[in-house]
Participant: 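Dumping the structure here so I can ask a few things about it.
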Amino acid sequence: MAGRWLDPLWAPGFLCVALILETASGAGDLSTKAHGHIQFSARGVNQTAMADCRAVCSLNTSDRCDFVKRNPDCHSEGGYLDYLKGIFCYFPPNLLPLAITLYVFWLLYLFLILGVTAAKFPHGVTFLAFGNGAPDIFSALVAFSDPRTAGLAIGALFGAGVLVTTVVAGGITILRPFMAASRPFLRDITFYMVAVFLTFTALYLGRITLVWALGYLGLYVFYVVTVIICTWVYQRQRSRSLVHSISETPELLTDSEEDQMSSNTNSYDYGEEYRPLLLGEETTGQILLQALNPLDYRKWRTQSISCKLLKVAKLPVEFLLLLTVPVVDPDKDDRNWKRPLNCLQLVISPLVLVLTLQSGVYGIYEIGGLLPVWAVVVIVGTALASVTFFATSNSEPPRLHWLFAFLGFLTSALWINAAATEVVNILRSLGVVFRLSNTVLGLTLLAWGNSIGDAFSDFTLARQGYPRMAFSACFGGIIFNILVGVGLGCLLQIVRSHASEVKLEPDGLLVWVLASALGLSLVFSLVSVPLQCFQLSKAYGLCLLLFYICFIVVVLLTEFGVIHLK
């Protein structure tokens, strides 16, 4: 488990992402910079300067477009598309269901983009922890950058926590009951309960100071150190026990050796079928076409219809990522060096960087009133690509090939940031149309979309016979998300607004229901798992699923005012 979440190489790259995001949303919200705080509740409808954008649905259909255009609360601070203007200005009222349907499909495709980018391009130097939590982290950072969408961040992080610790963990135990590792389980759930308690306390106090934000990040560093020490102690004890038992027991195959033998005997090597009869050196054009092909014909033949349809939907995203994101694979002999593609990426990747940084604002800026920044980037990139192409060969990677890893990481990070920005803007638009709070949208749609990839991965691990690893991943991932998401999000907001703290105003009773539900689910697991002697059964999984259903019912009743405080 430690190997999945720990890699000392990811820290410098993550700091680079933090600086990029600070620049990407550097313009920020003018009200945020003036007051230096984040508000969860929307502004009142009766204010003349800025009315609550959700009041647009109570107006006449002829007045809605002007209201959206003139009201600052309806304007998005980032992103490429103005979704509210599209709904109320470009679609007639009778086609509102069609607009909502198109937005929902676009939202699902954005989630697909986030999942594909985080899964296949995490990036460069094995950023496994960051790659698995990238959608949650980027969504939180983008949401925290705008006072009107900050509720999405808390709702998404807490909602994902409830979802993962109940639905995902319960589904794993239902698929394959198993004996949980006692010490890792107690360690992870204790750290996560501390993180939830810190966030609950911050909501109660109504602020997060600079020291508090740094404390979040420091707690995650302490968690990483604890995992490293525990892993080292466990491996040391295991090696000692193996030394004593190896002379007394016959030689047995390890799990990996058994899996390798079974795969060798039970699988057919389709690679022979596609191997050319006459071996020869590939041309530059063939290398480029093969490198840009996202379809594996060997896997395509054995996939089901549903998997093929999903693959067809992912093909445009994967092709775009292959074209723009360099990949350095240290496990390969050539480190994935593709000379024509890598030289092409020297032109395209920097262009993507300037066009996705703050939604292309910097890219279209003209230097001296003559050339825009994107044109200068293309000229410099073309010159650098030409030198690289004529100074290298197809067979051997250059000495500085490792620099492509950082270029790939920055490009994939900004792709994720751009998609996360659009996701937040769409969710806010849907909240305006349906008059839903940002907290509800965060704990439902945003949490579901960001967690569905990890859920399928954990369920697949459980079916393959690794339920313990999948169960441990449930807690390891959400610890990273909440500590880094809240800590780094508030830290960047404090730096941007030049304030000493970030003020938090809970969105009514709903936030407390959400925090309480997450705390109760953790307490339930902390008490019930040791009582079962860490032997997790299907009954335990069914109880977790029932808990989540009750939680969603209570949340909806609270949102629509059935449950309320006098």
Side-chain angles (χ1 to χ4, degrees), residues 1 136 154-174 177-205 215-216 219-220 222-223 226-227 230 439 442-444 447 451 454-455 458 467-468 470-483 485-486 506 509-558 563:
M1 181 59 202
D136 304 88
I154 297 296
L157 293 174
F158 274 12
V162 178
L163 177 69
V164 171
T165 57
T166 55
V167 175
V168 180
I172 292 171
T173 56
I174 292 175
F178 67 100
M179 173 73 73
S182 57
R183 286 178 294 183
F185 170 77
L186 295 176
R187 177 199 66 212
D188 291 344
I189 199 171
T190 301
F191 269 96
Y192 191 55
M193 291 182 70
V194 172
V196 172
F197 177 76
L198 286 177
T199 309
F200 190 90
T201 305
L203 290 173
Y204 177 78
L205 298 176
Y216 272 92
L219 181 59
Y220 184 73
F222 180 60
Y223 168 73
T226 304
V227 173
C230 293
T439 304
L443 69 90
T444 53
S451 302
D454 291 336
D458 293 335
R468 180 181 294 183
F471 190 79
S472 300
C474 294
F475 293 94
I478 54 180
I479 291 173
F480 172 78
N481 293 342
I482 191 170
L483 290 178
V486 177
L509 180 62
L510 192 58
V511 172
W512 303 114
V513 171
L514 179 58
S516 301
L518 181 56
L520 286 176
S521 68
L522 295 176
V523 171
F524 173 75
S525 295
L526 182 62
V527 174
S528 61
V529 172
L531 289 178
Q532 301 175 76
C533 297
F534 298 93
Q535 181 64 47
L536 304 185
S537 60
K538 292 185 178 181
Y540 169 74
L542 292 174
C543 289
L544 292 179
L545 295 180
L546 181 62
F547 180 90
Y548 187 78
I549 294 174
C550 295
F551 160 71
I552 291 296
V553 172
V554 172
V555 164
L556 295 178
L557 293 178
T558 305
I563 299 177

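For the numbers below, each heavy atom of this structure counts, side chains included, while hydrogens, waters and symmetry mates do not. As the structure is a prediction and not an experimental result, all values here were calculated from the model.
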Participant: Side-chain contact test, heavy atoms from C-beta onward, threshold under 4.5 Å: evaluate it for S472 versus F185 and give yes or no.
Facilitator: no
Participant: To the closest 0.5 Å, what do you measure between CD1 (I174) and CG (L542)?
Facilitator: 4.0 Å
Participant: Any side chain to side chain donor-acceptor pair (under 3.5 Å) pairs touching residues 190-201, not counting sequence neighbours?
Facilitator: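 Counting only pairs at least two positions apart or across chains, the side chain to side chain donor-acceptor pair (under 3.5 Å) contacts touching residues 190-201 are T199-Y216.
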Participant: Is the shortest heavy-atom distance from the side chain of L518 to the side chain of F551 under 4.5 Å?
Facilitator: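 Contact flag for L518/F551 side chains = no.
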Participant: Give, for atom OG of S525 and atom CG of D188, the distance between the pair rounded to the nearest 0.5 Å.
Facilitator: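 One gets 12.5 Å once the value is rounded to the nearest 0.5 Å.
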Participant: Does the side chain of V513 come within less than 4.5 Å of V554's, by heavy atoms?
Facilitator: yes
Participant: Would you say V196 and L522 make side-chain contact, with heavy atoms under 4.5 Å?
Facilitator: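 Sidechains of L522 and V196: in contact.
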Participant: Less than 6.0 Å separating the ring centroids of F191 and F222?
Facilitator: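 F191 vs F222: aromatic centres under 6.0 Å.
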Participant: Does the gap between the ring centers of F547 and F524 come in under 6.0 Å?
Facilitator: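 Judged by ring-centre distance (under 6.0 Å), F547 and F524 do not meet the cut-off.
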Participant: Are any of the side-chain heavy atoms of S521 and Y548 separated by less than 4.5 Å?
Facilitator: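 No, their side chains stay 4.5 Å or more apart.
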Participant: List the atom of P177, the atom of S537, and the distance in Å for their closest heavy-atom pair.
Facilitator: CB-CA, 4.2 Å
Participant: Taking the six-membered ring for Trp and the full ring for Phe, Tyr or His, determine whether the centres of F197 and F200 are under 6.0 Å apart.
Facilitator: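 F197 vs F200: aromatic centres not under 6.0 Å.
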Participant: Any side-chain heavy-atom pair from V167 and L544 closer than 4.5 angstrom?
Facilitator: no
Participant: Name the residue from L536, L186, I189 that meets the side-chain contact (heavy atoms from CB on, under 4.5 Å) definition with V529.
Facilitator: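 By the side-chain contact (heavy atoms from CB on, under 4.5 Å) criterion, V529 pairs with just one of L536, L186, I189: L536.
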Participant: Could you state the interatomic distance from CD1 (I482) to CG (L198), rounded to the nearest 0.5 Å?
Facilitator: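 Taking CD1 in I482 and CG in L198, the distance rounds to 8.5 Å.
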Participant: State, to 0.1 Å, how close A180 and R468 come at their nearest heavy-atom pair, and which atoms those are.
Facilitator: C-NE, 4.3 Å
Participant: Does a side-chain heavy-atom distance below 4.5 Å link W512 with Y204?
Facilitator: yes
Participant: Take K538 and T173, measure what side-chain contact (heavy atoms from CB on, under 4.5 Å) needs, and give me the verdict at the end.
Facilitator: CA-CA 6 Å; K538 292 185 178 181; T173 56; over 6 Å; no
Participant: Search all heavy atoms of L483 against all heavy atoms of A195 and return the closest pair with its distance.
Facilitator: CD2-CB, 3.5 Å
Participant: Not counting sequence neighbours, which residues clear side chain to side chain contact (heavy atoms under 4.5 Å, CB included) with L556? List them please.
Facilitator: I552, F560
Participant: I want to check something: taking the side chain as every heavy atom from C-beta on, are C230 and R187 in contact at a cut-off of under 4.5 Å?
Facilitator: yes
